[in-house]
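I have placed the structure first, in the form of structure tokens, so that the comments after it can refer back to it.
Order of the sequence lines sets the chain letters (A, B, ...), proteins ahead of strands, with each chain counted from 1.
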Number of protein chains: 2
Amino acid sequence: MKNETFSGTQAAKVVAISYRQLDYWARTDLVRPSGTDATGSGSRREYTYRDLLELKVIKNLLDAGIKLESIRDVFAYMREHVDTDISSAHLVISGSSVVLCNGEELIDVLRHGQGVLNILPMSGVRDEIDRHIIEMRPEPIVLQGERETPGSKAV
Amino acid sequence: MKNETFSGTQAAKVVAISYRQLDYWARTDLVRPSGTDATGSGSRREYTYRDLLELKVIKNLLDAGIKLESIRDVFAYMREHVDTDISSAHLVISGSSVVLCNGEELIDVLRHGQGVLNILPMSGVRDEIDRHIIEMRPEPIVLQGERETPGSKAV
DNA sequence: GCTGGAAACTACGCGGGTGTAAGACGCTAC
DNA sequence: GTAGCGTCTTACACCCGCGTAGTTTCCAGC
């Protein structure tokens, strides 16, 4: 599963965004495909599973009413400060700083927080993506002793 | 303090927004002055203290990265569903629903929340406004046994 | 080589939100 | 009545984000 990639169109579909949004976000450096970037008309972008997680986070934040401009700031911060896997328990955004918290830490943050907090539980993000990847795939062909992995280039 | 009102320019200053923003929000029905609305060029809007609280909430949410469009939805919802004073403990926005929570309720919401939450502690909002009202006033004249209230029309 | 499909690219338009500046108006003091 | 001040109104511009549609390019199959 680690090396599988998704085309731009597939990624947009899995994450439930328009291709236009995906393209715009890639062109404006919010999330560029970390597999292969576009090199011109007719070329192919290759998004990794991790890219999909990021895209889904963005989608969820947008749906929650957060401005894309703010999401850019959040991602910039995370790229500099947050090393761990973004699928940890809760993503907590306070101003332009971001932390990843488990349940107890989250309660602390709440007790001491002063401004507006944006809290995104990450637990469902991976599940959502996996579900859409499965939906996207044709009926799987049962191979001898091996199942095809989602997003395989054979799609 | 209940009947004091503020002009549009004063309100914008107290809340730390541009007059353009205030005007746009009034014209597009986000927060119209509940004292006196504008009736044409040269007329005077009169914002109440409660209007100022609402304006400040909007400002804080904008600063936290929430889209104005979403804030509109939030306010529409609150006007329909939330009767209590908006200066209660925490304003919790989940999708387009809004609840007001004290500390323990907030922890419950967190434990059971599924999507992105936006949480605005209201405790500082009133303080912030009061501070700016005081800053706006000229040096108070000590009257016999009575201090002038903030925002008095005599300003 | 040709065709068809997929995908990136380009262009234009629209709505939302806001900055800037000038004009119009109301009110008060002289 | 006039001047000055404060305030609302109007106009224009700009940026952002994204929808729509056409163009260009790549690739696989025949």
Side-chain angles (χ1 to χ4, degrees), chain A residues 5-47 51 55 58-76 136 138 151 153-155, chain B residues 5-33 35-47 51 55 58-59 61-76 136-138 151-155:
Chain A
T5 60
F6 304 84
S7 68
T9 313
Q10 286 171 334
K13 189 168 177 184
V14 167
V15 177
I17 57 176
S18 68
Y19 180 82
R20 183 75 183 88
Q21 284 179 300
L22 181 91
D23 192 41
Y24 179 71
W25 298 349
R27 289 171 182 285
T28 52
D29 297 321
L30 178 54
V31 174
R32 304 194 79 105
S34 53
T36 305
D37 205 354
T39 55
S41 191
S43 66
R44 306 287 156 128
R45 291 184 175 112
E46 291 182 312
Y47 286 89
D51 295 334
L55 292 170
I58 294 169
K59 173 64 152 67
N60 286 351
L61 292 174
L62 280 178
D63 286 347
I66 315 293
K67 300 178 209 171
L68 192 65
E69 176 194 348
S70 297
I71 295 169
R72 291 186 189 281
D73 296 338
V74 166
F75 268 66
M136 183 180 69
K153 287 203 191 170
V155 172
Chain B
T5 60
F6 304 85
S7 69
T9 314
Q10 286 172 333
K13 189 170 176 181
V14 167
V15 178
I17 57 175
S18 69
Y19 181 81
R20 183 76 184 86
Q21 285 179 298
L22 180 92
D23 191 42
Y24 180 72
W25 300 347
R27 288 172 183 286
T28 52
D29 297 320
L30 180 54
V31 175
R32 305 196 78 103
T36 306
D37 205 352
T39 57
S41 193
S43 65
R44 304 287 155 132
R45 289 183 176 116
E46 291 183 311
Y47 287 89
D51 295 334
L55 292 170
I58 294 168
K59 174 64 155 68
L61 291 173
L62 281 178
D63 286 347
I66 315 291
K67 299 178 206 173
L68 193 67
E69 178 194 350
S70 297
I71 295 170
R72 290 185 188 282
D73 296 338
V74 166
F75 268 66
M136 185 180 70
R137 305 218 50 239
S152 162
K153 287 206 192 167
V155 175

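The side chain of A/Tyr24 places an N or O atom within less than 4.0 Å of a non-bridging phosphate oxygen (OP1 or OP2) of D/dG17. Distances shown here put a side-chain N or O of B/Tyr19 below 4.0 Å from the OP1 or OP2 atom of D/dC8. Side-chain N/O atoms of B/Arg20 include none lying less than 4.0 angstrom from OP1 or OP2 on D/dC14. Neither OP1 nor OP2 of D/dC26 sits under 4.0 Å from any side-chain N or O of A/Ser43. Of the side-chain N and O atoms in B/Arg44, none sit less than 4.0 angstrom from OP1 or OP2 of D/dC5. OP1 and OP2 of C/dA6 both lie 4.0 Å or more from every side-chain N or O belonging to A/Thr9.
Under the 3.5 Å distance criterion, the side-chain polar atoms of A/Asp51 are matched with a main-chain donor or acceptor of A/Ser34. Using a distance-only test at 3.5 Å, with no hydrogens or angles considered, a donor-acceptor pair links the side chain of B/Arg32 to the main chain of B/Ala26. In this structure, the side chain of A/Arg45 does not engage the main chain of A/Ala11 through any donor-acceptor pair within 3.5 Å.
What separates CG of A/Leu22 from C1' of D/dG17 is a distance of 14 Å, to the nearest Å. For B/Trp25 and C/dG16, the CH2 to P distance is 17 Å, given to the nearest whole Å. The separation between B/Phe6 atom CZ and D/dT7 atom P is 13 Å, rounded to whole Å. Atom P of nucleotide C/dT18 and atom CG of B/Leu68 are separated by 5 Å, given to the nearest angstrom. Computed from coordinates, the B/Glu46 CD to D/dC8 C1' distance equals 14 Å when rounded to whole Å. One can place CD of A/Gln10 at 7 Å from P of C/dA7, the figure rounded to the nearest angstrom. Atom CD1 of A/Ile71 and atom P of D/dC16 are 16 Å apart (whole Å). As a whole-Å value, the separation of B/Glu69 CD from C/dC14 P is 19 Å.
Here the side chain of A/Asp23 is nearest to one of D/dC18, C/dT10, D/dT7, namely C/dT10. Comparing C/dT18, D/dC8, D/dC18 by their nearest atom to the side chain of B/Arg27 picks out D/dC8. Each of D/dT9, C/dT18, D/dG17 was ranked by its minimum atom distance to the side chain of B/Gln21; first place goes to C/dT18.
Not a single donor-acceptor pair, N or O on each side, falls under 3.5 Å between the base of C/dC25 and the side chain of B/Ser41.
The nearest pair of heavy atoms linking A/Trp25 to A/Ile17 is CZ3-CD1, 3.5 Å.
Within the nucleic acid shown, B/Ser18 comes within 4.0 Å of sugar-phosphate atoms alone, with no base atom in reach, counting heavy atoms only.
For the pair A/Ile58 and A/Leu68, the minimum side-chain heavy-atom distance is below 4.5 Å.
Of the two residues contacting DNA chain C, namely B/Gly42 and B/Lys67, the nearest-nucleotide position lying further toward the 5' end is that of B/Lys67.
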